[in-house]
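Below is one structure; the comments refer to it alone.
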Amino acid sequence: DHSIVIGNLHGNVTFGGGERQPATEVGKGDGGTPGAAIPDIKSLFAHSNKTLRQTLVEDAENEFYRKYISQVYTGREDTEEKFQRFIRQDKYRCYVVTGKAGKGKTSLLCHLATSLMDMQGSHLPILINSPELNLEQDTLVQVILRQLDIDAREDIETFEALVRILGEQHAQLVVFIDAINELHGQRVFENFNHQFDELLKLINRHNYPVLFCISCRSEFWPQFSANS
């Protein structure tokens, strides 16, 4: 059971799970970054912002583009304010947005991700659409790295190198994962659950600067949380 903040689109929030583990010192200078070269911080933020702009503004074939129109987005001030408090705290790892179909969960995640673009240098947002995940071919960590234009076979080692660099710069990686209820098939669902659980354990173990914001339909969330 991991640190989770659960909020629905009416603004209700409950807290559950354990707390982050105390920070542990991570070894450095081991002869080079394993797996793949990590771009410098400015390049990482520039690529993240470029990818978000392409996803939400330019790519008409993208699911997020079709669902999120910033000009007509209706704000949810209470939920957004709680999210801003979430990214400033150091106890919880995951902010979960629940709600029924058509209530605007995807639009909210897109809006929250773009809001972090204005905080360049402190938060590195990436946006993932669950139905497009192919965890038979890639690991969840590889998908996250690829969003930052990092292609690595040694995915865990490269991920740890990345988040250590972010920690040294007092920055956070914020991973938005939309519509986990739309993962196709029980096997895919269980695979995602396992990988997400193991990633949370790794992040908690070393107190890495990584946060998650995920969305899920209300009726499916108990099934996900009971198995994670």
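One N or O on the side chain of Ser48 and one on the backbone of Pro125 form a donor-acceptor pair closer than 3.5 Å. Gln89 places a side-chain N or O within donor-acceptor distance of the main-chain N or O of Lys91, the cut-off being under 3.5 Å. The main-chain N or O of Glu219 is never found under 3.5 Å from a side-chain atom of Lys100 such that the two would form a donor-acceptor pair.
Taken together through direct or relayed side-chain contacts under 4.5 Å among Ile, Leu, Val, Met, Phe, Trp and Tyr, Leu133 and Phe220 form parts of separate hydrophobic clusters.
In terms of heavy atoms, Pro131 sits closest to Ala179 at CD-O, 4.2 Å. A pairwise comparison of heavy atoms in Lys105 and Cys216 identifies CD-O, 3.6 Å as the closest pair. Among all heavy-atom pairs drawn from Leu109 and Ile177, the shortest one is CD2-O, 3.7 Å. Taking every heavy atom of both residues into account, Gln147 and Leu127 meet most closely at OE1-O, 3.4 Å. Scanning both residues, Leu148 and Leu162, for their nearest heavy atoms gives CD1-CD2, 3.8 Å. Across all non-hydrogen atoms, the minimal contact from Val210 to Arg93 is O-NH1, 3.0 Å.
In this structure, the side chain to side chain contact (heavy atoms under 4.5 Å, CB included) partners of Thr139, at least two apart in sequence or on a different chain, are Val141, Gln142, Asp155, Gln195. Residues satisfying the ring pair (Phe, Tyr, Trp, His ring centres under 6.0 Å) test with Phe176, not counting sequence neighbours, are Phe83. With sequence neighbours excluded, the residues satisfying side-chain hydrogen bond (donor to acceptor under 3.5 Å, both in side chains) with Gln137 are Asn134. Remark: Glu77 engages no residue in a salt bridge (charged side-chain N to carboxylate O under 4.0 Å, His left out) (not counting sequence neighbours). In this view, Gln186 and Phe189, Glu190, Gln223 satisfy the side chain to side chain contact (heavy atoms under 4.5 Å, CB included) rule, not counting sequence neighbours. In this view, Asp149 satisfies the side-chain hydrogen bond (donor to acceptor under 3.5 Å, both in side chains) rule with no residue, not counting sequence neighbours.
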Could you give me the CA-CA distance, side-chain angles and deciding distance for Met117 and Thr114, then say whether side chain to side chain contact (heavy atoms under 4.5 Å, CB included) is met?
CA-CA 5 Å; Met117 291 172 62; Thr114 56; 4.2 Å; yes
List the steps and the verdict of side chain to side chain contact (heavy atoms under 4.5 Å, CB included) for Arg164 and His206.
CA-CA 10 Å; Arg164 283 198 297 266; His206 299 289; over 6 Å; no
Mind running side chain to side chain contact (heavy atoms under 4.5 Å, CB included) on Cys213 and Leu112 for me, showing each step along the way?
CA-CA 9 Å; Cys213 179; Leu112 295 175; 4.3 Å; yes
What do the steps show when you test Glu81 against Arg85 for salt bridge (charged side-chain N to carboxylate O under 4.0 Å, His left out), and what is the final call?
CA-CA 6 Å; Glu81 180 183 342; Arg85 293 206 302 269; 3.4 Å; yes
Show the numbers, then the answer: is there a side chain to side chain contact (heavy atoms under 4.5 Å, CB included) between Leu202 and Glu160?
CA-CA 9 Å; Leu202 173 70; Glu160 290 193 83; 3.9 Å; yes
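Remark: Glu80 CD to Ser115 OG distance equals 7.5 Å, nearest 0.5 Å. Annotation: the span from Ser130 atom OG to Leu183 atom CG amounts to 4.5 Å, rounded to 0.5 Å. Distance CG/Leu211 to CG/Asp90: 10.0 Å, rounded to 0.5 Å. Between the OH atom in Tyr208 and the CG atom in Leu199 there is a gap of 11.0 Å [rounded to 0.5 Å]. With rounding to the nearest 0.5 angstrom, the OG1 atom of Thr106 is 7.0 Å from the CD atom of Glu182. In this structure, the separation between OG on Ser122 and CD on Gln172 is 8.0 Å, given to the nearest 0.5 Å.
Taking 4.5 Å as the limit, some side-chain heavy atom of Pro209 sits within range of a side-chain heavy atom of Val163. At least one side-chain heavy atom of Lys201 sits under 4.5 Å from a side-chain heavy atom of Asp197. Between Asn191 and Glu136 the shortest side-chain heavy-atom distance falls below 4.5 Å.
Aromatic ring pairs are classed by plane angle as parallel below 30°, tilted from 30° to 60° and perpendicular above 60°; the pair Tyr95 and Phe86 is tilted.
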